[in-house]
J.: 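First the structure, which I've put down as structure tokens, then a few questions once you've had a look.
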Amino acid sequence: MNLYAVKAIYTFEMARAWRTVAQSIVSPVISTSLYFIVFGAAIGSRISQIEGVSYGAFIVPGLVMLSLLTQSVMNASFGIYFPKFTGTIFEVLSAPVSVGEILLGYVGAAASKSIILGAIILLTAGLFVPLRIAHPFWMVAFLLLTATSFSLFGFILGVWADGFEKLQIVPLLIITPLTFLGGSFYSIKVLPPFWQTVSLFNPVVYLVSGFRWSFYEISDVSVGISLAMTAVFLTACLVIIWWIFKTGYKLKS
Amino acid sequence: MESILSVSNLSKTYASGFKALKGINLEIRKGEILALLGPNGAGKTTLISIICGIVNAGEGTVTVAGHDIRKDFRVTRAMIGLVPQELTTDAFETVWATVNFSRGLFGLPANPEHVTRVLKDLSLWEKKDSKIRTLSGGMKRRVLIAKALAHEPQILFLDEPTAGVDVQLRQDMWNIVRRLREAGVTIILTTHYIEEAEEMADRIGIINHGELILVEDKHELMRKLGKKQLTLHLHDRLEEMPASLSAYRLERTNGGNDLVYTYDTQSERTGITALLRDLNDAGIRFKDLQTKQSSLEDIFVNLVKRPQ
Ligand SMILES: Nc1ncnc2c1ncn2[C@@H]1O[C@H](COP(=O)(O)OP(=O)(O)OP(=O)(O)O)[C@@H](O)[C@H]1O
Ligand SMILES: [Mg+2]
């Protein structure tokens, strides 16, 4: 195991985050606060409690997920897309590193960043509503699993994208809508039965539901299914990445 | 001599269907400087990129110190340093950070003394805290060389290291190459400045249309393929070539004031004595003469011009 290489890539990626600290931390914090003001205060005051939880508190797990998903995807996709775009990727390709080590470096850094961000958002949320975390262990587990899987997904996106548009379009047109429709701001139980069934095809439903369960012990789908779905998604991403490096897809001609 | 890098039957067809390498066989000896020459698009960069792991190999095998570049990539890549043809550097990193990054990436623990020495050798020390994007093109080239030397490679590939580089850096670079060679590093370089290859290399390889046309010891190559020319500056202008001299295939240049005789350095008899006697018989007198050895450039141009 080339630990020096993992450390080099990881540190490099984390340093990049510090250079763009405003973009990677300040802006999500501001937008979360805005969500609280708009959804929590303005709309929430008209919505009664959901399954015994105030609306403001109810949306906290969804809001964390929203940032976690988009930031994981954006961080990880940019991290690999940029060296591909500028050509500096040649150095990583010519280095004595395995796929696993490359992933630990790039995806590990992207996931770390979004976990730090998730923590910051939780703290910010704590300023607006009282927080209660029933299962801290599972809360952290969901956070880690989600950050890792979606960073892996972002990595795939970054390898696949051959222009900045594609890089931005996926988080914007796929991840964000899926998160909004995935029960971040409502329980899917309030939907008509048909739309409930449609929602079950949205992977984000499982993440948000499991994550919310770790806070308030209320969930749309059972926790076991949530975990299983996350594990399936994570495995699928790993398989695709393994294939990418085996064939050199879009990385080597 | 011991071979450190061995390429056998290496072919490469790009996804576009273009055949960039056609059955390359090449043995690189430990500690030598090999210059790869070839016109644009000949396949030099492709060959180097395959050896370094940047481009997928087609058919054929490459081994470095006996290790297969695919199976034992950890061993082979750790031994190799590459200065790519394109100036691809990070923009926002400092010189110091990027060179240390390279060392770590290649699996070595930090060694500030080594990195300091490399930066000083390349006259980059004053720039160590500068962001790379603020450096000039030549300086960026130095940074790429420093990155390639950060992990103390045993084999160094320099893909057109002197393209767009000023005289000072070119001399610095050749001094570094000489020092590395003295330290036992094997160096493979490509260049379009053939005088450079002539000056620096131990052996010359010529690639054209994806084929390695020849690999030869430099002196051997110059001796074998080199021609010599004898130029005679005549006393009086020569209007017409006397028939008695036709066998020598002399050239009239400088408006008939000079005669040029081309001969093969390899043959037993150069024919000079006979020529001079025949000139005397024909009553042609000369006031001065000079001989010139053809350069590697002439040899190169002749080789790649050859019809396929
Ligand atoms: N990714 C690619 N896809 C398709 N063809 C390619 C690719 N890369 C290189 N080629 C082609 O392969 C041939 C060899 O290219 P290569 O870069 O190896 O040449 P070179 O000898 O290094 O030339 P130069 O002196 O210009 O650097 C060229 O015709 C080039 O167009
Ligand atoms: Mg080239």
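Here is how names work: the chains are called A, B, and so on, in the same order as the sequence lines, proteins then strands, and each is numbered from 1.
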J.: Is it the side chain or the backbone of B:L108 that comes within 4.5 Å of chain A heavy atoms, both, or neither?
T.: backbone
J.: Going by the angle between their ring planes, with limits at 30° and 60°, are A:Y106 and A:F155 parallel, tilted or perpendicular?
T.: tilted
J.: Could you check which of B:S16, B:A97, B:G53, B:A91 has the highest count of heavy-atom pairs closer than 4.5 Å to chain A?
T.: B:G53
J.: Considering only heavy atoms, give the residues of residues 4-14 of chain A separated from chain B by less than 4.5 Å, sorted numerically, with 'none' for an empty result.
T.: A:Y4, A:A5, A:A8, A:I9, A:F12
J.: When B:T45 is tested against each of B:E86, B:Q85, B:E160 for side chain to side chain donor-acceptor pair (under 3.5 Å), which residue passes?
T.: B:Q85
J.: How about NZ on A:K84, more than 12 heavy atoms from neighbouring residues, nucleotides or ligands closer than 6.0 Å, or not?
T.: yes
J.: Would you indicate whether the side-chain heavy atoms of A:P203 and A:M229 approach each other to under 4.5 Å?
T.: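 A:M229 does not reach A:P203 side chain to side chain.
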J.: Suppose a student defines contact as a heavy atom less than 4.5 Å from any heavy atom of chain B. Which residues in residues 90-103 of chain A would they list?
T.: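 Residues A:F90, A:E91, A:V92, A:L93, A:S94, A:A95, A:P96, A:V97, A:S98, A:E101 are the ones that qualify, each having a heavy atom under 4.5 Å from chain B.
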J.: Chain A: which of B:K147, B:M79, B:R77 shares the most heavy-atom pairs with it under 4.5 Å?
T.: B:R77
J.: With chain A as the partner, which of B:I80, B:D90, B:L82 has the greatest number of non-hydrogen pairs under 4.5 Å?
T.: B:D90
J.: Could you check if a side-chain atom of A:Y206 sits within less than 4.5 angstrom of a side-chain atom of A:V232, using non-hydrogen atoms only?
T.: no
J.: Would you kindly check if the NZ (Lys) or CZ (Arg) of B:K128 is within the cone defined by 45 degrees around the ring axis of B:W125 and under 6.0 Å from the six-membered ring centre?
T.: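 Pair B:K128/B:W125 counts as cation-pi.
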J.: B:I48 and side-chain contact (heavy atoms from CB on, under 4.5 Å): which single residue from B:V55, B:T190, B:L158 fits?
T.: B:T190
J.: State, yes or no, whether a side-chain contact exists between A:I244 and A:W160 at a heavy-atom distance under 4.5 Å.
T.: no
J.: Assign the ring pair A:F82 / A:F78 to parallel, tilted or perpendicular, where the plane angle (0 to 90°) is split at 30° and 60°.
T.: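 Taking A:F78 first and then A:F82, their aromatic rings lie parallel (interplane angle under 30°).
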J.: What part of B:F106 gets closer than 4.5 Å to chain A, counting heavy atoms only: side chain, backbone, both or neither?
T.: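 It is both, since atoms from each part get that close.
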J.: Would you please classify the geometry between the A:F185 ring and the A:F180 ring as parallel, tilted or perpendicular, with 30° and 60° separating the classes?
T.: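 Tilted, since the angle between the ring planes falls between 30° and 60°.
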J.: Should A:M65 and A:V204 count as side-chain neighbours, where that means a heavy-atom distance under 4.5 Å?
T.: no
J.: Out of B:S102, B:S49, B:A15, return the one with the most heavy atom pairs under 4.5 angstrom to chain A.
T.: B:S102
J.: Could you tell me whether B:E152 and B:R103 make a salt bridge, using a distance below 4.0 angstrom between a side-chain N and a carboxylate O?
T.: yes
